[in-house]
Amino acid sequence: MRTSRHSSVLTEQTDRSVEVPSNALSWTGFVMTSQDGTNPSSLPSVEELLVELAAIAEVEAVNPDLPLDDLEGIGVDSLDLLEWLYGTADRYGLDVDETVFERLEEDATLRSVYASLVEAASP
Amino acid sequence: MNRETSVAVTGIGLVTPAACTLVGFWTFLRKGVSAAADISRFEAGSLPVRFACEVDDGFDVQGALRPKQWRRQDRFSRFGSVAASSALLDAGISAVDDVDRAGVYVGCGFAGIATLDDAAEDGVLGGSQRRVHPTLLPRVMPNAAGAAIAMSNGWRGPNLTFSTVCAAGTHAIGEASRVIRSGDADLMLAGGVDAPICPFVLKAFHALRALSTRNDAPHEASRPFGQDRDGFVLGEGAAFLVLERAEDARARGARIYALLAGYARNADAHHLVMPEPDGSGARACMLRALADADIAPVDVVHVNAHGTSTPKNDAAEAHAIADALGDDHQASVTSVKGAVGHLMGAAGAVEAAAACLSIEHREIPPTANTNTIDPAIAVDIVTKDPRPLPEGAVLSNSFAFGGQNATLVLTPS
């Protein structure tokens, strides 16, 4: 039984965590899980989801129509993107991982990524 | 290698179980007390050893890490980032002229092992979790701390991580001094990091009979060179020193804590977890370091010992010190592990920092908890109260599992 151990890890992580809705995401350091373990709720808009990406990357805003290749230029790196993807996937119970990026066209944007998430959320 | 180049220590940064400021750390050491206590970060009730020297969670006193840096770094890297940042602040360095000539050398024993222990508990390592978080691996890799420190400062010079467990911090500092001496860099941040306190490491060291089992009196458990010592106390933390050419330091009006006058490293080639009983490897290491500094053994006035509080290490080290320094030596010996425990990869760096502070304050802190010295220890152990430090050379020793030894020679500027 290591409940208190995980609590302390959580406390440490959330000391400086991204500000997201309080019922949203729980990060123990290596897996992200929906706290209530229920089925995914409907996805918010792409703009709403990208507010979280901006918070993760510590940039002011992220334009959904910016090509993925240009994200680095505004301060969003590959780890920011993966952290956001995994957080979103776990928060909404989506069966997606980093391969979502491999299936996109060369000039894909975050709106294209969002379309993949919507597809994954569809029953 | 230019032996004429003097290397100066101009900044010190610490994250330790005792304190995270230089004043707090030194005050704590002078008191001769211990930071060991019951483990608070996880439920340790079922473990054979339930105490350690933990760093308080408020260790980032100056807010050195932004939220993103904090999330991306494992506990050991956070310790390192904060200690490195404090060291630069202490040295009065906010920017460097040439980022290609500024580097980072780090000693690290166990890196993200506590996080991996958690991951194993959650089935991530065994494969029962379908996915692994993409930031897990870059957080737990041993060179993550060096990478983080380089990135936060934009330094593109030499950047290496030494994984010689208990001697890693000393190796990092010694090797970094050679980088300065050789002219490969103008400025080096060198030190050690580790955050090994987790059930797996506690159980593993206990299995080796290396840990003290004084669960009923943690604050009295680490007693280096004591008659009834029964093992070391696991600790965590980080320390970094700023190293630069002494002439550069003087030119910019920097305070010089000490000169890093010599360094040596060698191997026992004897046993994976035991020192040579006669300490001959350690002895040879100290003598080589003194030769590197061109200092006679009799001129050593103080040894900041590896002094783990294990029966075999302390006996072998005391033997080695007595042999190396000779019959006429006047050196006094202390071990800060009585106060802060064994910080593994960070231990040597914390001890080098303590040795520098001894030179700065002209004082040797006592070995905490050691009230009755083992009669077999034939060197002068400082106990109970601080003692004045005479003018002369100071050694800082580290001896690793694996038999890798390292010694630094520090002198007043």
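Chain naming here is simple, since letters A, B, ... match the order of the sequence lines and numbering starts at 1 in each. Every heavy atom of this structure was used, including side-chain atoms; hydrogens, water molecules and symmetry mates were not. Values in this document were obtained by computation on a predicted structure and should not be read as measured data.
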Discussion item. For the backbone of B/Lys68 and the side chain of A/Glu58, can you confirm whether one donor and one acceptor N or O come within less than 3.5 Å of each other?
Written reply: yes
Worksheet item: Roughly how far, to the nearest 0.5 Å, is the CZ atom of B/Arg71 from the CD atom of A/Glu83?
Response: 4.0 Å
Item to complete: Give me the contact list for residues 66-81 of chain A versus chain B, heavy atoms only, anything under 4.5 Å, ordered by residue number.
Response: A/Gly75, A/Asp77, A/Leu79, A/Asp80
Worksheet item: According to the salt bridge (charged side-chain N to carboxylate O under 4.0 Å, His left out) rule, which pairs have a member within residues 110-123 of chain A, sequence neighbours left out?
Response: A/Glu47-A/Arg111, A/Asp65-A/Arg111
